[in-house]
Novice: 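My questions will all concern the structure given below.
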Amino acid sequence: MRLPKMNTSKILMISLLMALFSVSGLNNLRASSDSDGEEKAAGGTDFIMHHITDAHEWHLITLGHTHVTIPLPVIIYDYEEGIKVHMSSAFVDADHNPIEVDGYMLEHGKLHSTNQAEFMDLSITKNVASLIISIVVLSLVFITVAKRYKKGVSAPKGIQSFFEPIIVFVRDDIAKTNIGHKYERFMPYLLTLFFFILFNNLLGLTPGAANLTGNIAVTMTLALITFIITNVNGRKAYWMHILWTPGVPLPVRPVILIVEIIGIFTKPISLMLRLFASITAGHIVVLSIVGLGFILQSVAVGVVGTLFSTVILIIEIVVALIQAYVFTLFSSMYIGQAVDDGHH
Amino acid sequence: MDLLLPDSGLLIYQLVGFVILLFVLGKFAWKPILAGLKEREETIESALLAAEQAKNEMQALQADNEKLLKEARAERDSILKEALTVASTIKEEAKTETSKITARMIEDAKAVIENEKKAALTDVKVLVARLSLEITEKLLRKELADQSAQKELIDGLVKDLNLN
């Protein structure tokens with residue numbers, strides 16, 4: 001348990017450095033473009049934000065003034081008028097200016113009501129579409145892999161031999177070491193979590209794809225599920241440790257109690273922020289470097305920037321793997337602490 | 001700071017989607033995969049164990065064979081040795097027996113010869129005595145026609161007897 005902690009602290013350092021770097025990169029972008037005027041500065045950050053935030057349509061490429069986009073359904077749950085469904089392409093006119101549809105307007109990626117109606121945005125956004133794709137792909141891949149195992153004992157073959165070491169790694173090095181003999185009950189969650197994060201981290205790196213795991217709503221959901229599983233499975237020893245920490249002088253116990261109760265919530269929050277920050281930061285770094293050539297309007301910077309962004313992208317692939325590992329590792333550590341019977 | 005504000009729509013979809021994925025994969029993928037992995041690991045483990053056992057048994061068998069062979073060899077050697085001893089003893093015994101028999105036969109022969117000699121001598125003695133008697137009778141018949149001669153002879157004989 002010590003060793004992975006060491007590794008993860010290193011990983012955290014790397015992600016922190018990357019985040020810092022990305023912020024400074026963004027500032028540079030702003031600073032350098034300030035001299036060129038307000039318009040370009042806004043264009044620089046918009047270009048990055050457009051890539052890392054969610055959208056109501058799937059923008060693939062812009063050729064000249066033509067936007068190649070896949071329209072996605074915009075689903076609005078109006079508290080008074082019920083569900084309204086329109087395609088995202090309906091919200092813009094021929095010149096790409098936002099227009100009102102059914103009392104709603106879509107501006108700067110946000111839906112708002114023109115008559116101040118209360119509503120909930122349940123659109124199949126780019127991220128939701130990506131989520132559905134990843135669910136379908138993951139299901140197909142692993143049900144295919146599972147078919148081989150149903151045929152009885154045989155040597156791994158094809159796609160199975162690619163995934164089997166990863167599954168065994170999650171089982172032996174993440175679940176078994178951190179949860180102990182009760183690991184089997186949590187295996188479905190940990191495996192789903194690991195492959196969901198890994199697949200979407202990698203998918204997020206491909207051009208044109210959505211940035212699902214760099215979205216706080218997604219990481220929040222995943223952290224929330226870990227939080228629920230941890231506390232629902234909390235044994236007596238776990239709650240004793242939080243509420244009335246044994247082996248601590250009596251006057252200190254109330255202080256520890258406060259710290260421990262905060263700790264229950266900081267654990268999932270750290271999970272949520274870590275994944276969100278490292279993936280978003282990585283994307284911002286790559287986009288900043290790519291954007292540098294356009295902002296400075298220099299071919300040389302563009303060439304160097306492209307080469308450098310390739311290096312960063314390779315690091316991003318590693319980060320994608322590491323973050324999937326770290327999220328699963330910490331989830332299993334929290335679960336392991338909760339289900340421990342307390343034989344220290 | 002739009003980035004840090006979660007969209008409720010995506011939150012709901014993510015929660016529902018992930019739970020669906022969890023159930024689908026849990027039921028149709030992870031369960032058979034983990035069961036299959038476990039089964040395979042157990043099979044490999046038991047196969048390895050069986051192989052190890054077979055190897056040990058083989059070794060034990062080989063050692064047994066070696067031992068048996070050694071014993072057989074030792075037994076053969078001892079039997080041979082014993083047979084040789086027995087043979088030589090028999091030879092020795094036969095020799096002594098033969099010499100004994102020979103000696104006895106010689107002795108017997110000697111005794112027979114001695115007896116035959118004695119018998120022959122007795123026969124000769126008897127013959128001589130008879131002949132002597134016959135001669136003596138004849139002589140006496142002739143000589144002892146008169147009384148004096150007879151008396152003279154008897155005296156002579158008595159004299160001889162006394163001397164003996």
Side-chain angles (χ1 to χ4, degrees), chain A residues 49 52-54 75 77 108-110 120-125 127-128 131-132 134-135 138-139 141-156 160 163-164 167-168 171 184 187-189 191-193 195-196 212 214-222 224-225 272-273 276 280, chain B residues 1-70:
Chain A
M49 286 304 154
I52 58 173
T53 51
D54 205 358
I75 304 167
Y77 179 65
H108 304 297
K110 284 278 166 200
M120 194 186 247
D121 186 0
L122 291 176
S123 304
I124 305 297
T125 58
N127 276 340
V128 176
L131 168 72
I132 293 165
S134 66
I135 288 170
L138 284 171
S139 301
V141 166
F142 287 107
I143 288 169
T144 312
V145 172
K147 264 183 201 153
R148 290 271 312 163
Y149 289 93
K150 283 181 186 161
K151 286 176 193 161
V153 178
S154 60
Q160 181 194 15
F163 286 108
E164 189 179 299
I167 295 168
V168 171
R171 188 191 64 180
E184 268 178 57
M187 278 311 292
Y189 174 63
L191 284 169
T192 310
L193 187 68
F195 284 107
F196 180 84
L212 192 66
N215 190 297
I216 195 112
V218 172
T219 61
M220 183 187 270
T221 313
L222 297 177
L224 186 75
I225 296 171
M272 170 181 86
L273 290 178
F276 158 74
T280 304
Chain B
M1 283 293 103
D2 271 359
L3 272 179
L4 283 173
L5 295 172
D7 291 322
S8 51
L10 183 56
L11 203 77
I12 292 163
Y13 280 118
Q14 169 67 22
L15 191 62
V16 172
F18 189 82
V19 169
I20 289 170
L21 183 68
L22 183 58
F23 274 98
V24 168
L25 288 185
K27 192 162 164 49
F28 299 110
W30 306 135
K31 205 173 155 191
I33 288 174
L34 290 171
L37 274 176
K38 206 171 180 181
E39 195 188 341
R40 178 165 358 117
E41 274 159 14
E42 275 162 9
T43 312
I44 290 171
E45 193 126 328
S46 63
L48 282 176
L49 215 72
E52 185 69 21
Q53 225 163 13
K55 206 174 119 190
N56 284 346
E57 264 167 31
M58 265 295 274
Q59 252 162 5
L61 217 71
Q62 228 158 17
D64 262 16
N65 277 350
E66 200 88 354
K67 211 173 106 192
L68 271 173
L69 213 69
K70 223 173 179 175

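All values derive from a computational prediction rather than experimental measurement. Chain letters run A, B, ... following the sequence lines, proteins first, then strands; residues in each count from 1.
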Novice: Could you pull out every donor-acceptor pair under 3.5 Å between chain B and chain A?
Specialist:
from	atom 1	to	atom 2	distance (Å)
B/Asp7	OD1	A/Lys110	NZ	3.3
B/Tyr13	OH	A/Leu122	O	2.6
B/Trp30	NE1	A/Thr192	OG1	2.8
B/Lys38	NZ	A/Glu184	OE2	3.1
B/Arg40	NE	A/Ser154	O	3.0
B/Arg40	NH1	A/Glu164	OE1	3.3
B/Arg40	NH1	A/Glu164	OE2	2.9
B/Arg40	NH2	A/Glu164	OE1	2.7
B/Glu41	OE1	A/Arg171	NH1	3.4
B/Glu41	OE1	A/Arg171	NH2	3.2
B/Glu41	OE2	A/Arg171	NH2	2.7

Novice: Considering only heavy atoms, which portion of B/Ile12 lies under 4.5 Å from any heavy atom of chain A: side chain, backbone, both, or neither?
Specialist: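 For B/Ile12, side-chain heavy atoms alone lie under 4.5 Å from chain A.
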Novice: Identify the two heavy atoms, one from B/Ile33 and one from A/Phe142, that lie closest to each other, and give their separation to 0.1 Å.
Specialist: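 Closest approach of B/Ile33 to A/Phe142: CD1-O, 4.0 Å.
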Novice: Which bit of A/Phe163 is near chain B, if near means a heavy-atom gap under 4.5 Å: side chain, backbone, both or neither?
Specialist: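 The answer is neither part of A/Phe163.
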Novice: Do B/Leu37 and A/Ile167 make a side-chain contact, defined as non-hydrogen atoms from C-beta onward lying under 4.5 Å apart?
Specialist: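 Yes, at least one pair of side-chain atoms sits under 4.5 Å.
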Novice: For residues B/Val24 and A/Ile135, determine if any side-chain heavy atom of one lies less than 4.5 Å from a side-chain heavy atom of the other.
Specialist: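 Heavy-atom side-chain distance check fails, nothing below 4.5 Å.
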Novice: Look at A/Val141, A/Val145, A/Leu131 and state which one has the largest set of heavy-atom pairs under 4.5 Å with chain B.
Specialist: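 Going by pairs under 4.5 Å, I would pick A/Leu131.
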Novice: Against chain B, label A/Ile143 side chain, backbone, both or neither, depending on which of its atoms sit under 4.5 Å from a heavy atom there.
Specialist: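 Interface part for A/Ile143: both.
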Novice: Which atoms form the tightest heavy-atom contact between A/Ala146 and B/Pro32, and what is the distance?
Specialist: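 Closest heavy-atom pair between A/Ala146 and B/Pro32: CB-CG, 3.7 Å.
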Novice: Testing the basics here: between B/Leu11 and A/Ala217, what is the closest heavy-atom pair and its distance to 0.1 Å?
Specialist: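 Looking at all heavy atoms of both residues, the closest pair is CD1-O, 3.2 Å.
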Novice: Under a 4.5 Å cut-off applied to non-hydrogen side-chain atoms, are B/Leu4 and A/Phe276 in contact?
Specialist: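 Yes, at least one pair of side-chain atoms sits under 4.5 Å.
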Novice: Side-chain contact test, heavy atoms from C-beta onward, threshold under 4.5 Å: evaluate it for B/Leu5 versus A/Ile216 and give yes or no.
Specialist: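 Contact flag for B/Leu5/A/Ile216 side chains = no.
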Novice: Tell me, side chain or backbone of A/Leu122 under 4.5 Å from chain B's heavy atoms, or both, or neither?
Specialist: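 Both parts, backbone and side chain.
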Novice: Pick one of side chain, backbone, both or neither for A/Ile132, based on which atoms fall under 4.5 Å of a heavy atom in chain B.
Specialist: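 For A/Ile132, no heavy atom lies under 4.5 Å from chain B.
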